**Student:** 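Encoded as structure tokens, here's the structure I'll be asking about.
For clarity, every value in this text was computed on a predicted model and none was experimentally measured. Proteins come first, then strands; the chains are lettered A, B, ... in the order of their sequence lines, and each starts at number 1.
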Amino acid sequence: MRLSRSFVPTLKETPAEAQIASHRLMLRAGLVRQTSAGIYAWLPAGWRVLQKIAQIVREEQDAAGAQEILMPTIQPAELWRQSGRYDAYGPEMLRIVDRHDREMLYGPTNEEMITEIFRQSVRSYRELPQNLYHIQWKFRDEVRPRFGVMRGREFLMKDAYSFAIDYPSAVLEYRKMMLAYMRTFQRMGLKAIPMQAEAGPIGGNLSHEFIIVAPTGESQVYYDAAFERIDPASGDFSFDSPADLNRFFSLLTTPYAATDEKHDPALWRNVAEKREGRGIEVGHIFYFGTKYSEPMGLVVAGPDGRPVHPFMGSYGIGVSRLVGAIIEASHDEAGIIWPESVAPWKAVLLNLKMGDARCDALCEEVYAGLGAEALYDDREERAGVKFADADLLGHPWQIIVGPRGAAAGTVELKRRATGERAELSVADALARIG
RNA sequence: CGGGGCGUAGCUCAGCCUGGUAGAGCACAGCGUUUGGGACGCUGGGGCCGGAGGUUCGAAUCCUCUCGCCCCGACCA
């Protein structure tokens with residue numbers, strides 16, 4: 001993509017409303033623009049990041065055996081009356097009336113809807129277990145939205161819903177999601193820690209929050225340093241092996257980890273390597289049994305022919321929140337430092353002297369070699385502006401082409417994360433980026 | 001929802017107390033000089049001073065109401 005023809009409106013000054021680093025940087029780097037309190041439009045660079053995060057989530061959900069669907073944002077109130085949550089949910093739910101005076105709502109979550117869909121079509125235990133997910137916009141009318149996309153009212157969320165014929169089978173679904181989540185966050189360069197959590201309005205009694213430790217987190221968290229050494233990708237854990245899933249689960253739930261609501265000073269005293277700090281919740285998984293299947297009349301025939309209410313769980317990942325969380329975990333004074341897996345562009349090409357025949361030619365050569373994952377800064381701007389924007393946007397790699405090197409046929413390759421620089425031939429630079 | 005604050009140019013803000021023809025820096029357009037870390041000079045364009053009502057000869061400024069946004073707290077993916 002050529003920056004001269006792109007809509008990437010960067011800001012030199014910090015917008016007054018942004019308090020924390022990720023919010024400030026998302027506005028300054030031209031990722032998003034606020035349209036109302038807690039509601040954001042995603043601009044090209046931000047949208048690319050959001051889609052990359054969603055894609056990683058999707059791949060890991062698929063790997064865990066979940067199937068992608070897409071449910072609507074607008075739901076009938078009637079469904080929520082069946083579960084009893086229409087009145088229980090309170091003013092956080094955005095309620096709408098259509099032209100026929102039918103009560104509707106903008107979905108804050110989808111347990112009722114998926115239960116209804118499942119109820120229409122599933123009759124036998126032979127069809128279980130199943131796990132269905134979608135990646136869809138949600139709306140929760142927060143009293144006080146803040147921190148940009150980290151605590152917006154409208155947000156993109158992956159939510160999955162599992163159905164099982166009995167408790168042991170339901171627990172396996174839960175553990176699959178735990179493994180999938182740990183791999184998902186790891187691929188985004190994040191160290192997530194599952195912590196015991198309150199089930200909240202979703203309901204249920206088995207629940208973990210996935211927490212990223214960062215100074216701007218919303219809650220105080222306590223955990224054992226053992227978590228810093230766990231690598232979910234290693235150890236050959238298979239989704240198909242109950243033994244693996246159970247082993248993984250105990251590996252992740254044995255060391256102490258708790259948010260302040262669940263913190264137990266008595267247990268904490270026995271933790272050898274204590275770590276505490278602030279945490280950002282990026283995912284939450286729940287097991288809640290028959291909380292919805294029973295009131296909503298979801299029934300399948302069990303092996304003995306008798307009716308059974310399936311045992312359910314739900315599993316959320318805050319996709320849009322992750323954009324903010326990743327930035328909170330990875331930035332410096334100059335700007336964002338994207339992990340390669342979610343960067344809007346893998347590399348930026350800086351032409352320091354537009355109009356110089358050698359620079360222009362060399363840049364075209366490099367640009368052609370980089371492919372679609374590159375942004376070419378071909379604006380008529382001074383070098384300093386390009387450097388500043390490149391650091392702000394946080395591209396993992398910067399390829400700097402100036403008159404000095406161009407004369408010798410070399411380019412400068414800079415790694416954003418470390419600041420390392422090297423003078424290389426075009427071929428070597430391209431090879432290094434990979 | 002309680003408490004506090006702010007709405008003036010695209011952005012960051014001054015002006016308001018003490019009413020008298022709307023400002024600065026950055027950004028934008030043109031010209032010139034510059035040119036490897038957010039250049040400099042000159043010229044220019046851009047405002048229903050959030051909105052409505054009121055007081056006054058006269059309101060960005062004073063009063064009332066309203067809408068929006070931000071911060072602290074309580075609440076939450």
Side-chain angles (χ1 to χ4, degrees), chain A residues 9-20 23-24 27-28 30 33-39 57 89-93 107-111 135-160 181 197-202 207-212 217-219 259 261 279-286 314-325 333-335 350-356 359 377 379-392 398 400-407 411-412 414 419 421 423:
Chain A
T10 57
L11 264 28
K12 187 151 67 172
E13 287 175 287
T14 302
E17 71 267 21
Q19 301 299 314
I20 64 168
H23 189 195
R24 205 161 55 227
L27 292 169
R28 284 196 55 212
R33 286 294 182 262
Q34 180 170 317
T35 63
S36 317
I39 304 181
V57 170
Y89 219 91
E92 269 206 351
M93 180 187 281
T109 177
N110 287 66
E111 279 82 7
I135 299 173
Q136 177 64 290
W137 294 94
K138 304 289 191 294
F139 194 92
R140 293 184 191 171
D141 201 356
E142 296 281 342
V143 205
R144 181 151 95 87
R146 63 185 119 170
F147 302 151
V149 300
M150 296 239 291
R151 181 78 181 280
R153 293 194 292 171
E154 187 183 54
F155 55 97
L156 188 62
M157 176 170 156
K158 184 286 300 181
D159 40 324
Y181 274 38
E198 297 288 353
I202 309 286
S207 171
H208 286 87
E209 287 179 10
F210 291 77
I211 298 285
I212 304 300
E218 293 198 73
S219 46
T259 61
E261 300 114 41
I280 300 169
E281 180 184 356
V282 292
H284 203 154
I285 60 179
F286 305 88
S314 74
Y315 316 92
I317 290 180
V319 176
S320 48
R321 172 180 283 187
L322 272 165
V323 179
E333 278 307 300
L350 306 187
N351 187 340
L352 297 191
K353 196 172 170 89
M354 289 296 296
D356 176 280
C359 287
D377 191 345
R379 295 174 301 171
E380 300 284 348
E381 289 287 355
R382 300 170 62 81
V385 173
K386 297 191 179 190
F387 286 130
D389 274 349
D391 287 346
L392 176 61
Q398 296 174 14
I400 300 157
V401 175
R404 279 193 330 228
V411 300
E412 185 178 333
K414 177 183 164 186
R421 296 157 183 274
E423 286 279 337

**Student:** Base, sugar-phosphate, or nothing: which does Pro15(A) touch, judged by heavy atoms less than 4.0 Å apart?
**Tutor:**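 Here Pro15(A) touches the backbone only, sparing every base.
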**Student:** Using a cut-off of 4.0 Å on non-hydrogen atoms, how would the nucleic acid contact of Gly402(A) be classed: base, sugar-phosphate, or nothing?
**Tutor:** base
**Student:** What is the base-pairing partner of G68(B), counting Watson-Crick and G-U wobble geometry with both distances under 3.5 Å?
**Tutor:** C6(B)
**Student:** From C70(B), C13(B), C1(B), pick the nucleotide closest to the side chain of Val143(A)?
**Tutor:**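 The closest nucleotide is C1(B).
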**Student:** With a 4.0 Å cut-off on heavy atoms, is Lys158(A) in touch with a base, just the backbone sugar-phosphate, or nothing at all?
**Tutor:**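 If one applies the 4.0 Å heavy-atom cut-off, Lys158(A) turns out to touch nothing in the nucleic acid.
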**Student:** Looking at the side chain of Val385(A), which of G37(B), C70(B), A39(B) is the nearest nucleotide?
**Tutor:**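 Shortest atom-to-atom distance from the side chain points to A39(B).
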**Student:** Whom does U12(B) pair with, Watson-Crick or G-U wobble, provided both distances fall under 3.5 Å?
**Tutor:**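 Check on U12(B): paired to A24(B), both distances under 3.5 Å.
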**Student:** Take atom CZ of Phe147(A) and atom P of C76(B), then tell me their distance rounded to the nearest Å.
**Tutor:**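 Those two atoms, CZ and P, are 16 Å apart.
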**Student:** Go through U12(B), C76(B), C72(B) for me and flag the one nearest to the Arg151(A) side chain.
**Tutor:**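 Selected nucleotide (nearest to the side chain): C76(B).
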**Student:** Would you indicate which nucleotide in C75(B), G36(B), C71(B) comes nearest to any side-chain atom of Ile400(A)?
**Tutor:** G36(B)
**Student:** Heavy atoms under 4.0 Å, any strand shown: does Gln34(A) hit a base, just sugar-phosphate, or nothing?
**Tutor:** sugar-phosphate
**Student:** By the 4.0 Å heavy-atom rule, please label Ser320(A) as base, sugar-phosphate, or nothing.
**Tutor:** nothing
**Student:** Would you indicate what Ala388(A) reaches in the nucleic acid, counting non-hydrogen atoms under 4.0 angstrom: base, sugar-phosphate, or nothing?
**Tutor:** base
**Student:** Check every strand shown and say whether Glu17(A) touches a base, only sugar-phosphate, or nothing at a heavy-atom separation below 4.0 Å.
**Tutor:** sugar-phosphate
**Student:** Could you please name the partner base of U35(B), counting Watson-Crick and G-U wobble pairs only when both distances are under 3.5 Å?
**Tutor:** none
**Student:** Looking at Lys158(A) and Tyr315(A), would you say the former's side chain and the latter's main chain have a donor-acceptor pair under 3.5 Å?
**Tutor:**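 It does hold such a pair.
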**Student:** Is a donor-acceptor contact shorter than 3.5 angstrom present between the side chain of Arg28(A) and the base of G38(B)?
**Tutor:**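 Such a pair is found, so the answer is yes.
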**Student:** Under 3.5 Å for both donor-acceptor distances, Watson-Crick or wobble: does G58(B) have a partner, and if so which one?
**Tutor:**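 Pairing partner: none.
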**Student:** So what's C76(B) paired with, Watson-Crick or G-U wobble, going by both distances under 3.5 Å?
**Tutor:** none
**Student:** Please confirm whether any donor atom in the side chain of Glu13(A) sits under 3.5 Å from an acceptor in the base of G38(B), or the reverse.
**Tutor:**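 Such a pair does not exist between side chain and base.
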**Student:** CG of Leu352(A) versus P of G36(B): gap in Å, rounded?
**Tutor:**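 Checked: the CG to P distance equals 8 Å.
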**Student:** What's the closest nucleotide to the Arg382(A) side chain, out of G38(B), G36(B), A39(B)?
**Tutor:**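 Nearest nucleotide to the side chain: A39(B).
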**Student:** Glu381(A) has a side chain; which of G36(B), C28(B), C70(B) sits nearest to it?
**Tutor:** C28(B)
**Student:** Side chain of Lys414(A) only, heavy atoms from C-beta on: which candidate in C76(B), G38(B), G37(B) is closest?
**Tutor:**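 The answer is G37(B), which lies nearest to the side chain.
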**Student:** Looking at every strand, decide which applies to Arg153(A) at a 4.0 Å heavy-atom threshold: base, sugar-phosphate, or nothing.
**Tutor:** nothing
**Student:** Just call it for Asp391(A): base, sugar-phosphate, or nothing, with non-hydrogen atoms closer than 4.0 Å on any strand.
**Tutor:** base
**Student:** Between Arg144(A) and C71(B), is there a side-chain N or O to OP1/OP2 distance below 4.0 Å?
**Tutor:**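 For C71(B), OP1/OP2 do have a side-chain N/O of Arg144(A) under 4.0 Å.
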**Student:** Can you identify which nucleotide, out of G38(B), C76(B), C26(B), has its nearest atom closest to the Glu142(A) side chain?
**Tutor:** C76(B)
**Student:** Would you tell me whether Gln136(A) and Asp159(A) have side-chain atoms, one donor and one acceptor, within less than 3.5 Å of each other?
**Tutor:**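 The answer is no; no qualifying pair exists.
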**Student:** Checking base pairs now: Watson-Crick or wobble, both atom distances under 3.5 Å. What partners G53(B)?
**Tutor:** C63(B)
**Student:** Rounded to the nearest Å, what distance is computed from the NZ atom of residue Lys12(A) to the C1' atom of nucleotide G10(B)?
**Tutor:**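 It works out to 14 Å between those atoms.
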**Student:** How many Å lie between CD on Glu380(A) and P on G30(B), as a whole number?
**Tutor:**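 Computing the Glu380(A):CD to G30(B):P distance gives 12 Å.
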**Student:** Quick one: Arg146(A) CZ to C1(B) C1', roughly how many Å, whole number?
**Tutor:** 13 Å
**Student:** What does G47(B) pair with, Watson-Crick or G-U, if both distances are under 3.5 Å?
**Tutor:** none
**Student:** What nucleic acid atoms does Gly90(A) come within less than 4.0 Å of, heavy atoms only: base, sugar-phosphate, or nothing?
**Tutor:** nothing
